[in-house]
Chemist: 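One structure, pasted below without further comment.
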Amino acid sequence: QVQLVESGGGLVQAGDSLRLSCAASGRALSRYGLAWFRQAPAKEREFVAAITWNVGSTAYADSVKGRFTISGDGAKNTVYLQMNSLKPEDTAVYYCAVQWRARLSTVARAYDSWGQGTQVTVSS
């Protein structure tokens, strides 16, 4: 059983940066597909970024491309989401997720385990 724990969220101003972390216990993540999703109030959960870091492949939503970077640290069994040039529309609860296949996927149903989420609020 894997446990994913997100951290790093907070309240920032537009233009600021944050780095989210997703630490895993119970299974090494580097062989699998990892992703970040987000959910704003009254909206559906949406894809943000994905990585299969043993293959070196990444994918990003158009809304964050060029501003966010997903990466992994195998030694720490942790996935990161570096978020730069934050905008008010980035405000959401951010979730990390893992699928037990080394694949990139942008759909939530492909993922098998989820963290509890971390709140990111960007003020204008």
Side-chain angles (χ1 to χ4, degrees):
Q1 185 81 12
V2 69
Q3 183 176 16
L4 303 175
V5 179
E6 301 98 332
S7 61
L11 172 63
V12 297
Q13 293 186 330
D16 285 351
S17 298
L18 277 176
R19 188 177 78 159
L20 305 184
S21 299
C22 174
S25 60
R27 222 187 256 199
L29 298 181
S30 59
R31 294 180 292 171
Y32 305 113
L34 289 302
W36 287 93
F37 286 77
R38 66 187 182 187
Q39 188 165 18
K43 292 189 176 181
E44 293 187 354
R45 191 168 297 190
E46 66 173 357
F47 169 75
V48 176
I51 186 171
T52 51
W53 82 63
N54 64 334
V55 178
S57 299
T58 57
Y60 295 92
D62 288 342
S63 59
V64 307
K65 203 171 291 184
R67 299 188 298 123
F68 291 11
T69 303
I70 188 171
S71 62
D73 184 333
K76 296 183 178 180
N77 211 28
T78 298
V79 178
Y80 302 100
L81 185 68
Q82 178 66 44
M83 306 186 295
N84 299 329
S85 303
L86 282 161
K87 304 175 181 180
E89 51 264 44
D90 294 319
T91 295
V93 177
Y94 284 71
Y95 299 89
C96 69
V98 59
Q99 59 170 308
W100 304 126
R101 294 160 293 277
R103 294 179 186 173
L104 286 178
S105 178
T106 62
V107 295
R109 65 178 180 271
Y111 291 86
D112 302 296
S113 292
W114 294 78
Q116 83 291 345
T118 185
Q119 176 71 47
V120 172
T121 304
V122 184
S123 63
S124 57

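Quick note: numbers below take in every heavy atom, side chains included, and nothing from hydrogens, waters or symmetry partners.
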Chemist: I'd like to know if the side chain of Arg103 reaches the main chain of Gln99, judged simply by a donor and an acceptor atom lying under 3.5 Å from each other, with no hydrogens or angles considered.
Modeler: no
Chemist: Taking the six-membered ring for Trp, is the centroid-to-centroid distance between Phe68 and Trp36 below 6.0 Å?
Modeler: no
Chemist: Taking all atoms of both residues into account, what is the closest heavy-atom pair of Thr118 and Leu20, and its distance?
Modeler: CG2-CD2, 4.0 Å
Chemist: Quick one: list whatever passes salt bridge (Lys or Arg N to Asp or Glu O under 4.0 Å) with Lys43, sequence neighbours left out.
Modeler: none
Chemist: Using only heavy-atom distances, determine whether the side chains of Ser17 and Asn84 contain a donor-acceptor pair under 3.5 Å.
Modeler: yes
Chemist: With salt bridge (charged side-chain N to carboxylate O under 4.0 Å, His left out) as the criterion, how do Lys87 and Asp90 come out once you've worked through the C-alpha distance, each side chain's angles and the decisive distance to 0.1 Å?
Modeler: CA-CA 5 Å; Lys87 304 175 181 180; Asp90 294 319; over 6 Å; no
Chemist: Please, which pairs that meet disulfide (SG to SG under 2.5 Å) have at least one residue in residues 4-122, sequence neighbours excluded?
Modeler: Cys22-Cys96
Chemist: Measure from NZ or CZ of Arg45 to the centre of the six-membered ring of Trp114 and say whether it is under 6.0 Å with the direction within 45° of the ring axis.
Modeler: yes
Chemist: With distance as the sole criterion, is a donor-acceptor pair present between the side chains of Gln119 and Thr121 under 3.5 Å?
Modeler: yes
Chemist: Would a hydrophobic clustering, with Ile, Leu, Val, Met, Phe, Trp and Tyr connected at side-chain separations under 4.5 Å, put Ile70 with Tyr111?
Modeler: no
Chemist: Before we go on, tell me: are the rings of Tyr95 and Phe37 under 6.0 Å apart, centre to centre?
Modeler: no
Chemist: For Arg101 and Ala110, indicate whether the former's side chain and the latter's backbone hold a donor-acceptor pair under 3.5 Å.
Modeler: yes
Chemist: For Gln116, does its backbone N or O pair with a side-chain atom of Glu6 as donor and acceptor, under 3.5 Å?
Modeler: yes
Chemist: Quick one: does NZ or CZ of Arg19 land under 6.0 Å from the six-membered ring centre of Tyr80, within 45 degrees of the ring axis?
Modeler: yes
